Visitor: 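Before I ask anything, let me first share the structure, which is written out below as structure tokens.
Here the structure is a predicted model, which means the values were calculated and not measured.
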Amino acid sequence: MQKDKIKKYIDANLITKQEAMRITGQNIKGFDQTIASGNLKPFYDHGEGRSRVRLYHRDDVEAYARQAEKRRRETYKEIWTVVIDGHKRPVYSEDEARKMAEEAADKSSEVYIEYYRAEDGQEAFLNPNGYGFEPVNWADS
């Protein structure tokens, strides 16, 4: 195998813990729990202690994120997801979603809140002016 092909594969498919946490929408405690429980495994794991390197396969992380989102939809009555510059961050209350969106609006170019209600499958957006079926960018308001 040629080194340039290996590097190209790594760049396209392997991601760091921080990138994986962004994709899954988890904080460090939640992500570490996911790894400890075996629900997501590093593709590459080498070294010990502070010199340990773990890389995750993008496909595995994206599949886990889809599975976790499905579980959240089945478990919770309502789900709010704050989308900041394309990165989804699940939150557990409307107040938490509003607070995060308001704080991010000053620093980011795109901020949306996605809403899902489990009892009837209603999907909408929580906008600065209320709920709607079309998103309003919190960064613009």
Visitor: Same hydrophobic cluster for Ile35 and Val53, using side-chain heavy-atom links shorter than 4.5 Å among ILVMFWY?
Guide: no

Visitor: Would you call Val83 and Glu110 a side-chain contact if the rule is heavy atoms closer than 4.5 Å?
Guide: no

Visitor: Which pair of non-hydrogen atoms, one from Ser108 and one from Ala139, has the smallest distance, and what is that distance?
Guide: O-CB, 3.3 Å

Visitor: Kindly determine whether Asp60 and Lys41 satisfy salt bridge (charged side-chain N to carboxylate O under 4.0 Å, His left out), including the steps that lead there.
Guide: CA-CA 8 Å; Asp60 295 342; Lys41 295 181 179 171; over 6 Å; no

Visitor: So among Gln18, Met21, Gln33, which one has a side chain to side chain contact (heavy atoms under 4.5 Å, CB included) with Ile28?
Guide: Met21

Visitor: Are Leu55 and Pro42 packed together at the side-chain level, in the sense that at least one heavy-atom pair is separated by less than 4.5 angstrom?
Guide: no

Visitor: When you look at NZ of Lys17, are more than 12 heavy atoms from neighbouring residues, nucleotides or ligands closer to it than 6.0 Å?
Guide: yes

Visitor: Applying side-chain contact (heavy atoms from CB on, under 4.5 Å), can you list everything that pairs with Gln2, at least two apart in sequence or on another chain?
Guide: Asp4, Lys5

Visitor: Through direct or indirect side-chain contacts below 4.5 angstrom among Ile, Leu, Val, Met, Phe, Trp and Tyr, which residues connect to Tyr131?
Guide: Trp80, Val82, Ile84, Val91, Met100, Val111, Ile113, Tyr115, Leu126, Trp138

Visitor: Test side-chain contact (heavy atoms from CB on, under 4.5 Å) on Val136 and Asn129; report intermediate values, then the result.
Guide: CA-CA 9 Å; Val136 174; Asn129 301 343; over 6 Å; no

Visitor: Do Pro90 and Ile79 touch side chain to side chain, with heavy atoms closer than 4.5 Å?
Guide: no

Visitor: What distance do Ile15 atom CD1 and Ile10 atom CD1 have between them, rounded to the nearest 0.5 Å?
Guide: 13.5 Å

Visitor: What's the shortest heavy-atom distance between Gly132 and Ala124, and which atoms?
Guide: O-CB, 3.4 Å

Visitor: Which is it for Arg58 and Leu14 under the side-chain contact (heavy atoms from CB on, under 4.5 Å) test, yes or no, and what are the steps along the way?
Guide: CA-CA 6 Å; Arg58 181 179 304 278; Leu14 301 185; over 6 Å; no

Visitor: Nearest 0.5 angstrom please: Glu94 CD to Arg98 CZ, how far?
Guide: 5.0 Å

Visitor: If we count only N and O atoms by modelled type, under 3.5 Å, do the side chains of Thr24 and Tyr64 hold a donor and an acceptor together?
Guide: no

Visitor: Under a 4.5 Å cut-off applied to non-hydrogen side-chain atoms, are Gln26 and Asp32 in contact?
Guide: no

Visitor: Mind running salt bridge (charged side-chain N to carboxylate O under 4.0 Å, His left out) on Lys88 and Glu114 for me, showing each step along the way?
Guide: CA-CA 9 Å; Lys88 293 187 173 194; Glu114 297 174 348; 3.4 Å; yes

Visitor: So Thr81 and Arg89, do their side chains get closer than 4.5 Å, heavy atoms only?
Guide: no

Visitor: How would you list all residue pairs meeting ring-ring contact (aromatic ring centres under 6.0 Å, His included) that involve residues 1-51, not counting sequence neighbours?
Guide: Phe31-Tyr56, Phe43-His57

Visitor: For the CD atom on Glu96, are there more than 12 heavy atoms of other groups (residues, nucleotides or ligands in this structure) within a distance under 6.0 Å?
Guide: yes

Visitor: Judged by atom type as modelled, is there a donor-acceptor pair below 3.5 Å linking the side chain of Glu19 to the main-chain atoms of Thr16?
Guide: yes

Visitor: Is a donor on one side and an acceptor on the other found under 3.5 Å between the side chain of Asn127 and the backbone of Tyr112?
Guide: no

Visitor: Do Ser93 and Asp95 have a side chain donor and acceptor closer than 3.5 Å?
Guide: no

Visitor: Out of curiosity, Tyr116 OH to Glu69 CD, how far, rounded to the nearest 0.5 Å?
Guide: 9.0 Å

